[in-house]
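Counting starts at 1 for both ligands and their atoms, following the listed order. Because only heavy atoms are used, hydrogens play no part in the values below, and waters and symmetry mates are left out as well, while side chains stay in.
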Amino acid sequence: MKRKFYRKSLPLTLGMMCAVLLLGCLVVSFGSAQQSKDPLTGNWAVRNPNTDGTSRNTYFNLKQEGGRITGSIRVTQFYYLIAESTGDAAGFTIIATMKDGKTDRRVQYEGKLVGDELQLTTRRRPTDNPTALVAHRAPAGEGALPTRIDPPALHNVKDNGLARTPPMGWNSWNKFAGRVDDATVRSIADVLTSNGMKEAGYRYVNIDDTWEGGRDAQGNIQTNKKFPDMKALADYVHSKGLKLGIYSSPGPNTCAGYEGSYGHELQDARTYAAWGIDYLKYDWCGARTLYTDEEMPAIYQKMGDALLASGRPIVYSLCQYGRLDVWKWGPDVGGNLWRTTGDIRDTWDSMTRIGFGQNELAQWARPGHWNDPDMLEIGNGGMTETDTNGEVIAVDQDKLGKQGKQVWKSGDHEIWTKPLSGGATAVAVFNRGKDETKVTVKWADLGIVKRKAARDLWLSQDVDVQSPEYIATVPGHGVVMLRVR
Ligand code: GLA
């Protein structure tokens, strides 16, 4: 039986082997013919190592058919499809686009193949100087977008009971960006403790993007070289009576191109809890490559559930730039606060556009759930300085949790009021102009009929409330703040 089988099967096997080999040769030679004919075809990577042991890669997955180039480009949190091309390996231009909520994003690259190098240039804006990049061949599939996991069905996430007043603290991004490290965070914790800010209520020390490493074989998120031991860091921050915050994205990548929580939400929430994390800022970024804006609530709900399931009280801060009217659904997905706009910059214009833009959103703020107009820009040089003031902070932290609203406006001058617990009212008289000015505050215009006493909170002085109006002298770009009882 056996013999027979061998005798019969041998020629067949040999034949098959030959066929396979031949086919292999054919495939290989077809491949190289293809490569020399359409040499741009393939996966190309631009590798930019960061100093923390991670690297920021851009992938060009190209298919060339003569004078036509198609494929995709993946740059940190963006994934573009090539929409137009001209030229070939000797010199080409590609234009690639992606949908990002209501925005159509577009990138353009010029390139040519020189030996093994794909030499490229790109510009952020047509008027910018070009940035040069060099890509090398990368293994097929490297840098490919992961398979999309469908969003879960919506349900209401239980309120975690945290942030009954707006959380106050420090965040690394606007000052340190990618330079934040363990030593910086420790020194901030030291300073908040020694300069009175902790007593004033600044409790959260929040590490923004760029702490992330990759994942281990079990999928556990790792820190990069800048943060050798997150648990030890949390212990240190806690030993100062402060709390530690961290950052991630629901997408495969964060905004700075680091590892996101995509597909690892529960696991990451558990890791944060094990490290002793008290606050998570969760930034849409890389999620835009896989999900539409309409899917945001379900995607944010996933991490809301995961944080609750971790068993540790972790403040949940949504960062998706105010899209899809987040204030309407933020609380339902477990959010304690939600960014209402794009990123603040260190300028008066940016700060005031955001600050005064919160007026319409007042009705959505309440204990446990806050509009987040982004971080303060302090010490970065673009604006003037004002000291921390306990009486002003008390207005921010008032337990009634009502947001201030504009009640009067004339040119550059605006008056905003905020009801406080115990029946008092905070009154802020703003001067958005550059020069000092006098603003007449008519109490009746503000609906403040009965007045026992009032105090100027920045000057820490009582002011007269007997006459029907009060004349406030307001510095340029400044405010006079009163508390009226
Ligand atoms: C986005 C956020 C910023 C910051 C960066 C980090 O731009 O809006 O606040 O977190 O990402 O990459």
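Note on ring orientation: taking the six-membered ring where Trp is involved, the planes of Y300 and W329 are tilted (angle from 30° to 60°). Between F60 and Y109, the two ring planes are perpendicular [angle over 60°; tilted spans 30° to 60°].
Shown here is L459, whose CG atom has more than 12 heavy atoms of other residues, nucleotides or ligands within 6.0 Å.
For the residue pair T340/Q358, the side-chain donor-acceptor check at 3.5 Å is satisfied.
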### Message
What verdict does the side chain to side chain donor-acceptor pair (under 3.5 Å) test give for S55 and N57, after you've listed the backbone C-alpha separation in whole Å, the side-chain angles of each residue and the deciding distance to 0.1 Å?
### Response
CA-CA 6 Å; S55 83; N57 302 340; 2.9 Å; yes
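Near ligand 1, residues W173, D208, D209, Y247, C255, A256, K281, D283, C319, Y321, R339, D343, M375 each place a heavy atom inside the 4.0 Å sphere around the ligand atoms.
Taking the six-membered ring for Trp and the full ring otherwise, the centers of F356 and F430 sit less than 6.0 Å from each other.
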